[in-house]
Amino acid sequence: MQKYVITISRQFGSLGRPIAQKLSERLGVEYLDRDIVEETAKRMNLPVSIISDEEENLKVNKFFKSLYPLGLGLPSLKNEIFNVQKNIILDLIKKDSCIIVGRCAELFAKNEKNHLNVYIYAPYEKRLENCIKRLDMNEKTARTMIKEVDLSRMNYHKLYVPGYTSPFDNRDLCLDSSAFGIEGTAEIIENIVKMRFK
């Protein structure tokens, strides 16, 4: 099979991460998500927790307010994280076939000959159920997380993806994970990858 890259974006609670993990197992290629955060922290000489908090959060982190009381500036920090992650993702894409979750990876994969940009979504009530049953959240927390994380991801894309208007923009494939489950959704993507990049 030819070298390829799969990018997976997802609604919060739609099980995009476990689907990516399952797809990684089925295809036998590396799945990259937290690895990118860890490498970003290493390159920026910052704690992983700071990168995690900042990469999609549009509020100024208290840690940086204390370090830079006169204002490093949110755009400056966010842009630095984005550019470091961009370089990491471009390096990963060049090396071998891989699956990359989130971080506007579809923007960096678009120049690759073999790429598949996937968006995983699900109805609100199903995502709420996933948060409560699979992520062990109480209902109030789950509702808050769904709202805030989806908004944060949308704002992140609006900031960095030219012409972005909807999570369905620039996708080759959009799947409702509630219709197929983790295994079924991974199988559908696997079959398309094998057909497209044989």
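All figures in this text were calculated on a predicted structure; none of them were measured in a lab.
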(Q) I'd like to know if the side chain of Ser9 pairs up with that of Arg153 as donor and acceptor (distance under 3.5 Å, no hydrogens or angles considered). (A) no
Next item on the list: Please check if Val37 and Tyr156 belong to a single hydrophobic cluster, counting links between Ile, Leu, Val, Met, Phe, Trp and Tyr side chain heavy atoms closer than 4.5 Å.
Entry: yes
Check your understanding: Do Thr185 and Lys22 have side-chain heavy atoms sitting under 4.5 Å apart?
Key -> no
Output for pair (Thr165 OG1, His157 NE2), nearest 0.5 Å, gives 11.5 Å
On a heavy-atom basis, the closest approach of Val5 and Ala109 is CG1-CB, 3.7 Å
- prompt: Should the pair Phe197 and Tyr4 be assigned to parallel (<30°), tilted (30 to 60°) or perpendicular (>60°) ring geometry?
  reply: parallel
d(Ile99 CD1, Ile6 CD1) to nearest 0.5 Å is 4.5 Å
Verify the distance criterion only: is there a donor paired with an acceptor across the side chains of Tyr160 and Arg103 at less than 3.5 Å? no
* To do: Taking the side chain as every heavy atom from C-beta outward, state whether Phe12 and Leu135 have any atom pair closer than 4.5 Å.
  => yes
I would like to know whether Asp96 and Val29 meet side chain to side chain contact (heavy atoms under 4.5 Å, CB included); could you show each step before the answer? CA-CA 8 Å; Asp96 206 351; Val29 300; over 6 Å; no
- prompt: Does a side-chain heavy-atom distance below 4.5 Å link Val161 with Glu106?
  reply: yes
Review point. Are more than 12 heavy atoms from other residues, nucleotides or ligands located less than 6.0 Å from atom CG of Asp136?
Key: no
A quick test of your reading: do over 12 heavy atoms of other residues, nucleotides or ligands sit less than 6.0 Å from NZ of Lys86? no
Nearest heavy-atom approach of Ala122 to Ser177 is CB-OG, 3.8 Å
d(Ile36 CD1, Leu92 CG) to nearest 0.5 Å is 6.0 Å
> So, Arg26 side chain and Ser24 main chain: donor-acceptor pair closer than 3.5 Å or not?
Replying inline: no
Side-chain (Asn117) to main-chain (Asp172) donor-acceptor, under 3.5 angstrom: no
Indicate whether the side chain of Asn114 and that of Gln2 have a donor and an acceptor atom separated by less than 3.5 Å. yes
Closest non-hydrogen atoms of Ile132 and Ala142, given as atom of the first, atom of the second and distance, are CG1-CB, 4.2 Å
Open item on the list: Determine whether Ile19 and Ile189 satisfy the following criterion, side chain to side chain contact (heavy atoms under 4.5 Å, CB included), listing intermediate values before the conclusion.
Closed with: CA-CA 10 Å; Ile19 288 166; Ile189 301 169; 4.2 Å; yes
Scanning both residues in full, the closest heavy-atom pair of Gly163 with Asp169 reads O-OD2, 4.0 Å
Practice prompt. For the pair Leu151 and Glu148, evaluate side chain to side chain contact (heavy atoms under 4.5 Å, CB included) and give the outcome as yes or no after the intermediate values.
Written response: CA-CA 5 Å; Leu151 179 61; Glu148 291 186 357; 5.8 Å; no
CG (Asp35) and OG1 (Thr40) are apart, to the nearest 0.5 Å, by 10.5 Å
Checking Val84, Ile88, Asn87 against Glu39 for side chain to side chain contact (heavy atoms under 4.5 Å, CB included), the one that qualifies is Ile88
- Cluster question for you: counting only ILVMFWY and a side-chain heavy-atom cut-off of under 4.5 Å, with indirect links fine, are Ile8 and Phe180 together? yes
* To do: Following the transitive rule for hydrophobic clusters with a side-chain heavy-atom cut-off under 4.5 Å over Ile, Leu, Val, Met, Phe, Trp and Tyr, establish whether Met137 and Val149 coincide in one cluster.
  => yes
Taken to the nearest 0.5 Å, the spacing of Arg10 CZ from Asp150 CG works out to 10.0 Å
Worked verdict on Gln21 versus Asp33 for side chain to side chain contact (heavy atoms under 4.5 Å, CB included)
CA-CA 10 Å; Gln21 291 170 324; Asp33 184 6; over 6 Å; no
Margin query: Hydrophobic cluster membership, with links at side-chain heavy-atom distances under 4.5 Å among I/L/V/M/F/W/Y: are Leu116 and Tyr119 in one?
Written below: no
In terms of heavy-atom contacts, does CZ of Arg134 have more than 12 from other residues, nucleotides or ligands at under 6.0 Å? no
- Task: Please assess Lys194 against Glu190 for the test salt bridge (Lys or Arg N to Asp or Glu O under 4.0 Å), listing each intermediate value before the final yes or no.
- Result: CA-CA 6 Å; Lys194 289 181 174 177; Glu190 176 193 19; 2.9 Å; yes
Rounded to the nearest 0.5 angstrom, the CG-CZ distance for Leu173 and Phe168 is 11.5 Å
Problem - side-chain hydrogen bond (donor to acceptor under 3.5 Å, both in side chains) assessment of Arg127 paired with Ser178 - result: CA-CA 8 Å; Arg127 293 193 289 143; Ser178 71; over 6 Å; no
Closest non-hydrogen contact found for Val101 with Ala20 is CG2-CB, 3.5 Å
What one should report as the nearest heavy-atom pair of Arg17 and Tyr31 is CG-OH, 2.9 Å
In Asn111, Leu32, Ile100, the residue satisfying side chain to side chain contact (heavy atoms under 4.5 Å, CB included) with Ile93 is Ile100
Is there side-chain contact between Ile51 and Ile81, with heavy atoms separated by less than 4.5 Å?
yes
Which of Arg143, Glu129, Gln11 passes side-chain hydrogen bond (donor to acceptor under 3.5 Å, both in side chains) with Tyr124? It is Arg143
